[in-house]
Amino acid sequence: MYRVMLLALAALTAISVLLSLFGLLTQGPLEILVTAVVLVLTCGAVDLLAQRVLRLAWRWESSVITAGILLFVLRPSLDPLLLLGAALAGAIAALSKYVLAWRGRHILNPAATGASALTLLSVWVPALGASAWWVGSPVLAAPVIILGVIVLWRAEKLRIAALFLVVAVGVALVRVFSQYAALGVPVALGDILPQVLFSSPFLFLGAFMLSEPLTLPPRRWQQLLVALVVGALAGWPIVIGAFSLGQERALLIGNVLAFLLAVRTAHRLRLAERAHLTPTVRELTFAVSGPLSFAPGQYLELEVPHRRADGRGTRREFSIASAPEDLPELKIAYREPATGAPSSFKRALAETPVGAEARVTGVWGDFLLPSSTTAPVLLVAAGIGITPFVSQLRHHRLTDEDRDIVLVYVASDAAELAYRDEIAASGVPVIVFTRGAPADLPAHWRWARGVRLDADGLLGVVPDISARHAFVSGPAGLIAELAPALRRARSLTTDAFSGY
């Protein structure tokens, strides 16, 4: 996510400089470049100093991303006072990650915080400038849309941004029409809509700022609620005295709402035990410090700082394999590659000694079983995709739930069937798809006997799929292969992953 956002902002900056060379933007190319340099240096220096004081690894990508967003929110200039204002906004934005934080997680969007602080300061010192949102230009609309969709696709926040955009544009149209009506001036929708959509900062705000995972709540309905509130406030700014609750202030209010909906915390974990579950699957057991909570089926983001991290950084997402009832003990599992070199993260994880600390930077996810225990359920897991179901089945057993559950478990080989004992203890019927016949299967397990797991094969082993809510955890290719059968289920929830 960090790398995609960084590259998208770099591309948007390059496009802006090119457009300014042809006179299509009011900002000059030198103004854009100099302001960008000032922001990068300021954000980077403050981040580096704060992280050295707190003994944290320097996240240079985070610094550049904050600077890149501020570049399009503030007014680029060569004026020394305006550059000083930009530097102040950058410094405040960087500091907010550590000062306006709760247990290691920042509460407010840093760029919005820095821009808002500068706008407030400009009331007393106008020469320092204020937020300008020059990114809301028709000539930048197409690049913002294309790059924004890439960012949102990677962050899996397309629906969140779409709701925000619809609400913001809709509310803005109502505001504009009411203003024209008050003046007695007729106006057509075709004259107003392009201006509201392409000459406003809504596109950039939704794609590059609202989508930030660290300031969103964990559940999808909560994220949609935040998007609705931010869209309404952005579309119709509320004026309070000399101040207007415009774009960045609307986002900050949304951040506060997100924080109140689910207090986000960072938790320290201590590695208590590591185990080999199969020839390639490794399980890690951690001792949790602090009041971490999660629902069966959710995932956590684990940070393992290490040198020479690859392009995906020092954080990865893992489904939680233990049940909430097991806390303060927490388990995750991952698969080591049978051939080839592991990623830098997996290598660092494998080298982490028992007793060492790691950090959970968040818990998210809507991969949750129906709230009604009377709803029949189908679980389909491939390989390491079994982990969220292990959490759910363990919770099912420990709480004496009465659910109608069928599990389809796919593995490359019988030896790769992880968590056999835990799944068997749940008592649910299991249909196993492996190349060879597994030995000593429990009484309520059965081997598919060479049936190919495609849409027809799934319908053959689960003929009542239309009566069940389907949950699938595994590679995206498997989900696509089973799609014709899964569409017959009462509902479908997927938990695709791309590996580590």
Side-chain angles (χ1 to χ4, degrees), residues 16 19-20 22-27 72-77 82 85 109 111-112 115-146 148-149 159-210 224-257:
S16 300
L19 292 173
S20 67
F22 289 94
L24 298 176
L25 291 171
T26 56
Q27 295 77 16
F72 293 97
V73 174
L74 306 180
R75 180 180 293 109
S77 176
L82 290 177
N109 181 280
S116 294
L118 182 62
T119 299
L120 293 175
L121 185 60
S122 69
V123 174
W124 297 281
V125 190
L128 293 177
S131 61
W133 290 91
W134 62 278
V135 70
S137 169
V139 297
L140 286 176
V144 169
I145 291 173
I146 294 170
V149 167
R159 280 179 287 186
I160 308 300
L163 175 63
F164 160 78
L165 185 61
V166 169
V167 173
V169 171
V171 171
L173 287 174
V174 172
R175 174 175 58 85
V176 172
F177 275 113
S178 65
Q179 291 172 343
Y180 275 102
L183 297 173
V185 178
V187 64
L189 177 62
D191 297 330
I192 300 300
L193 181 58
Q195 180 181 357
V196 169
L197 187 57
F198 300 124
S199 297
S200 72
F202 296 152
L203 297 171
F204 184 83
L205 177 62
F208 290 87
M209 299 178 74
L210 178 64
L224 291 171
L225 177 60
V226 169
L228 190 152
V229 171
V230 176
L233 292 174
W236 198 313
I238 302 170
V239 178
I240 302 176
F243 306 111
S244 168
L245 296 178
Q247 310 306 315
E248 64 268 33
R249 274 81 73 200
L251 179 60
L252 293 179
I253 291 174
N255 294 158
V256 172
L257 173 61

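Counting heavy atoms from C-beta on, the side chains of Ile160 and Leu224 come closer than 4.5 Å. When side chains are defined from C-beta on, Gln27 does not count as touching Ser20, because their heavy atoms never get closer than 4.5 Å.
Minimum interatomic distance between Ala112 and Leu251 (heavy atoms only, all atoms of both residues): CB-CD2, 4.0 Å. Heavy atoms only, all atoms of each residue included: Leu82 and Ser77 are closest at CD1-OG, 3.3 Å. Looking at every heavy atom in both residues, Met209 comes nearest to Val73 through SD-CG2, 4.4 Å. Summarising the geometry of Leu74 relative to Leu118, their closest heavy-atom pair is CD2-CD2, 3.8 Å, with the distance given to 0.1 Å. Among all heavy-atom pairs drawn from Trp134 and Pro76, the shortest one is NE1-CD, 3.3 Å. Of all heavy-atom pairs spanning Pro201 and Val135, the tightest one is CB-CG1, 4.5 Å.
To the nearest 0.5 angstrom, Ser16 atom OG is 4.5 Å from Leu140 atom CG. To the nearest 0.5 Å, the span separating CG on Leu128 from CG on Leu121 amounts to 5.5 Å. The line from CG of Leu197 to CD1 of Ile192 is 12.5 Å long, rounded to the nearest 0.5 Å. One finds the CG atom of Leu228 at 5.5 Å from the CG atom of Leu163 (value rounded to the nearest 0.5 Å).
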If you look only at distance, which donor and acceptor atoms sit under 3.5 Å apart when one is on a side chain in residues 164-189 and the other is two or more places apart or in another chain?
from   : atom 1 : to     : atom 2 : distance (Å)
Arg175 : NE     : Gly235 : O      : 2.9
Ser178 : OG     : Val174 : O      : 3.2
Ser178 : OG     : Arg175 : O      : 2.6

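In this view, Ser131 and Thr119, Glu248 satisfy the side chain to side chain donor-acceptor pair (under 3.5 Å) rule, not counting sequence neighbours.
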